[in-house]
Amino acid sequence: MNLEATIQSVVAQSVKTLYNIDVENNQIQIQKTKKEFEGDLTVVVFPFAKAARKSPEATGQEIGEFIVQNHAVVSAFNVIKGFLNLSIHPSYWLETLDTIHGNAGFGKTLPTGKADTMMIEYSSPNTNKPLHLGHIRNNLLGFSIAEIQKANGWKVVKTNIVNDRGIHICKSMLAWKLFGNGETPESSGMKGDHLVGKYYVVFDKAYKAEIKELMEKGMTEEEAKKNAPLILEAQNMLLAWENNDMEVRQLWKTMNGWVYAGFDETYKQMGVDFDKIYYESETYLTGKSEVERGVAEKVFYQRDDKSVWADLTGDGLDEKLLLRTDGTSVYMTQDIGTAKLRYNDFDIKKMVYVVGNEQNYHFQVLSILLDKLGYAWGKDLVHFSYGMVELPEGKMKSREGTVVDADDLMAEMIDSARETSQELGKLDNCTPEEIESVARMVGLGALKYFILKVDPRKNMTFNPKESIDFNGNTGPFIQYTHARIKSVLRKAVEQGINFGIGIDKSLEISEKESYLIQLLTEFPNIIKQAGEEFSPALIANYEYELVKEFNQFYHDFSILKEDNEALRQFRLVLSASVAKVIKTGMGLLGIEVPERM
RNA sequence: GGUCCCGUAGCUCAGCUGGAUAGAGCAACGCCCUUCUAAGGCGUGGGUCAUGGGUUCGAAUCCCGUCGGGAUCACCA
């Protein structure tokens, strides 16, 4: 039983004995004592004061006395207003630290053989343009959540659905065919995904010019958009693709190949990966046949123009298109197919889609459609809906060239980390490889922490003009603290100090030290909560608080230079434990921590 | 228009399953390296928690209204 639960049960017992009131343990509010007051944990006594018919102060006093008498772990108490502040005996903290120190996987619950499987879909790029900052948030969240769920005992399958077919890629293909002059990644020296993205923009420009021309000839904008030769040709291309036209398929394969090579580089740099990748080109047919089955079973219906729809008005929603007039499939169609294949391929207990909140409606519909098709798990899909990354001017728009490119941003972060390292001269004795490795860790650490520390459900703002900080509440600050601790531990070893032999439980320790231990004890619970709420931000904020506290400790206390051997021993163990929790926690965010920086 | 989300310091964000005087970082200003890494520590200033009401012993937190911002309701993905 953890400390909080112990206190809860003692309080319940005391309230029963003193006032004959029955309270459920979990109804008792325990919180950390605020820093300005003495004590470690605080019981909120207002709820009992009323029933006890006494003032909150008197109630707190009586409960406090009862607890101190009946529980050795509580060494003292004080009451302020209706708050009963309890001081925990130092030996309890020392005992706890010993346990933490001896547990290499502290905080995590590793999956057992019979653990349930959670499939997490993230990334899910289109193959017509390179990844941008929005994708970075998606990828980092997906990867981190996978790590967090693993640490909560789930067996996790990370998956990616690549939107490799559809009208968007036909646009790039068409533009390349018409205006590309055979340009390749090799001939241009461009990364493949960027090259294909370039032709997507080329298409858009030419298409817009055509629309303008048609409108000048008297068409309405809507008519012009539908009748511009380029869009008609792109639609034809999609049709040809679905009909397995050799030439179109060949071009498609070539250009997608360029894109994949580019994506692989980006993913590698970002440090994310997948256990199983699905391609829409391989799942959309299953989707189509599911839709056709739906029509046969009359859950969906076909209109006179041959298009297929689901009527969701009974569910409070609209009608949803599932197959176009020309028989080609849409996004929803392929998502139905992908879902079915996944459940065939894996024994999925929980399916999670890491997809932006702009698609809330889509997933609401998907869930209902799968349910209508007779899949019991349809209703259980989890849409992990995260907020958009916005620029100070608003949403990023690829067509207006305001997107922040993923490759560029990562490279910039690494560059500025390298520059800072050089300026500070911290790595002057290191090999070029070591310097590069640290620059990468720190640059990416800054970026990742910047993204992950904010509540995933909220939109966030990124200002490209202000570079991401390396000081304050940042990834590098946390990494730096780790490096500092490691430096001390290395010196301890050099001096032949062995701190693996346990600590003296009768030591007097400072408030700062016991508070650090208290923070460490919260770590497993933070991981649990982060898993339940799908929130890496909880881990990030916890890490920051821990590190901030540690730095104050580091500033105010000597570790190696402490004369009292037992105290020195204890502080080394404490520092090592903090370093361990930093590393584990940052690992859950997909952030590496350096040994020196 | 329907549905949903958001509004906390100049900026970026915590806090939101109700609890003490609302916290950090950045930016500004000042102090601390002959002491284990100053990517650090300490301090100062900065708030009608959008707004009006309600519930409660107690509201940034829960409920209702108003204002402001965003998303979505495509034969786009």
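Side chains included, hydrogens not; waters and symmetry mates left out as well; all remaining heavy atoms used.
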Please assess Arg440(A) against Glu436(A) for the test salt bridge (charged side-chain N to carboxylate O under 4.0 Å, His left out), listing each intermediate value before the final yes or no.
CA-CA 6 Å; Arg440(A) 185 171 176 278; Glu436(A) 205 43 40; over 6 Å; no
Inset, instruction - Mind running salt bridge (charged side-chain N to carboxylate O under 4.0 Å, His left out) on Lys35(A) and Glu549(A) for me, showing each step along the way? - result: CA-CA 12 Å; Lys35(A) 283 207 179 127; Glu549(A) 288 297 323; 2.5 Å; yes
Strictly below 4.0 Å: does [X] bring a side-chain N or O up to OP1 or OP2 of [N]?
X         : N      : answer
Gln552(A) : C42(B) : yes
Arg324(A) : C76(B) : yes
Lys225(A) : C76(B) : no
Lys81(A)  : C57(B) : no
Lys458(A) : A14(B) : yes
Lys50(A)  : C57(B) : yes
Arg484(A) : A38(B) : yes
Asn471(A) : G40(B) : yes

For [X], report the nucleic acid contact type (base, sugar-phosphate, nothing); a contact means any heavy atom under 4.0 Å.
X         : value
Pro47(A)  : base
Gln31(A)  : base
Ser385(A) : nothing
Ile167(A) : sugar-phosphate
Met460(A) : sugar-phosphate
Tyr554(A) : base
Ser307(A) : base
Tyr361(A) : sugar-phosphate
Asn85(A)  : base
Arg596(A) : base
Asn360(A) : nothing
Thr42(A)  : base
Gln359(A) : base
Val44(A)  : base

What is the base-pairing partner of [N], counting Watson-Crick and G-U wobble geometry with both distances under 3.5 Å?
N      : answer
C49(B) : none
G68(B) : C6(B)
C11(B) : G25(B)
U61(B) : none
G1(B)  : C73(B)
C42(B) : G30(B)

When you compare [N] with [M], how far apart are their [atom1] atoms, in angstrom units rounded to a whole number?
N      : M      : atom1 : result
G25(B) : C67(B) : P     : 38 Å
C26(B) : G45(B) : C1'   : 15 Å
C63(B) : C4(B)  : P     : 13 Å
U12(B) : G7(B)  : C1'   : 15 Å
A28(B) : U8(B)  : P     : 23 Å
A24(B) : C49(B) : C1'   : 15 Å
U44(B) : G18(B) : C1'   : 33 Å
A60(B) : G52(B) : C1'   : 16 Å

Rounding to a whole Å, what distance do you find between [X]:[atom1] and [N]:[atom2]?
X         : N      : atom1 : atom2 : value
Ile231(A) : A77(B) : CD1   : P     : 11 Å
Ile526(A) : G15(B) : CD1   : C1'   : 13 Å
His135(A) : A77(B) : NE2   : P     : 15 Å
Arg457(A) : C4(B)  : CZ    : C1'   : 14 Å
Leu572(A) : C36(B) : CG    : C1'   : 10 Å
Lys34(A)  : G23(B) : NZ    : P     : 6 Å

Over 12 non-hydrogen atoms of neighbours within 6.0 angstrom of [atom1] in [X]:
X        : atom1 : answer
Glu24(A) : CD    : no
Glu38(A) : CD    : no
Glu36(A) : CD    : yes

- request: State yes or no: are the ring centers of Phe363(A) and Tyr353(A) separated by less than 6.0 Å?
  value: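 Yes, the ring centres sit under 6.0 Å apart.
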Quiz prompt | Anti/syn call for C33(B), syn if |chi| within 90° | solution =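 This nucleotide is in syn.
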> Does any donor atom in the side chain of Asp40(A) or Thr33(A) lie under 3.5 Å from an acceptor atom in the other side chain?
Replying inline: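 No, because no side-chain N or O of Asp40(A) sits under 3.5 Å from a partner of the opposite role on Thr33(A).
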Stacking check: are the rings of [X] and [N] less than 5.5 Å apart at their centres and under 30 degrees in tilt?
X         : N      : value
Phe83(A)  : A20(B) : yes
Tyr480(A) : G40(B) : no
Phe477(A) : G40(B) : no

#### Entry: Residue whose nearest RNA chain B nucleotide is more 5′ - Glu319(A) or Met388(A)
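Its nearest nucleotide lies further toward 5', so the answer is Met388(A).
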Please evaluate the base of [N] for a donor-acceptor partner in the side chain of [X] within a cut-off of under 3.5 Å?
X         : N      : result
Asp305(A) : C75(B) : yes
Ser558(A) : C36(B) : no
Gln29(A)  : G18(B) : no
Ser124(A) : A77(B) : no

**Test log, rule salt bridge (charged side-chain N to carboxylate O under 4.0 Å, His left out), inputs Glu543(A) and Lys453(A)** = CA-CA 10 Å; Glu543(A) 292 278 299; Lys453(A) 77 170 176 186; over 6 Å; no
Nearest-0.5 Å distance, CG of residue Leu133(A) to OG1 of residue Thr402(A):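 One gets 11.0 Å once the value is rounded to the nearest 0.5 Å.
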- Which class fits the ring pair Tyr284(A) and Trp241(A): parallel under 30°, tilted 30 to 60°, perpendicular over 60°?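 Because their plane-to-plane angle lies in the 30° to 60° range, the rings of Tyr284(A) and Trp241(A) count as tilted.
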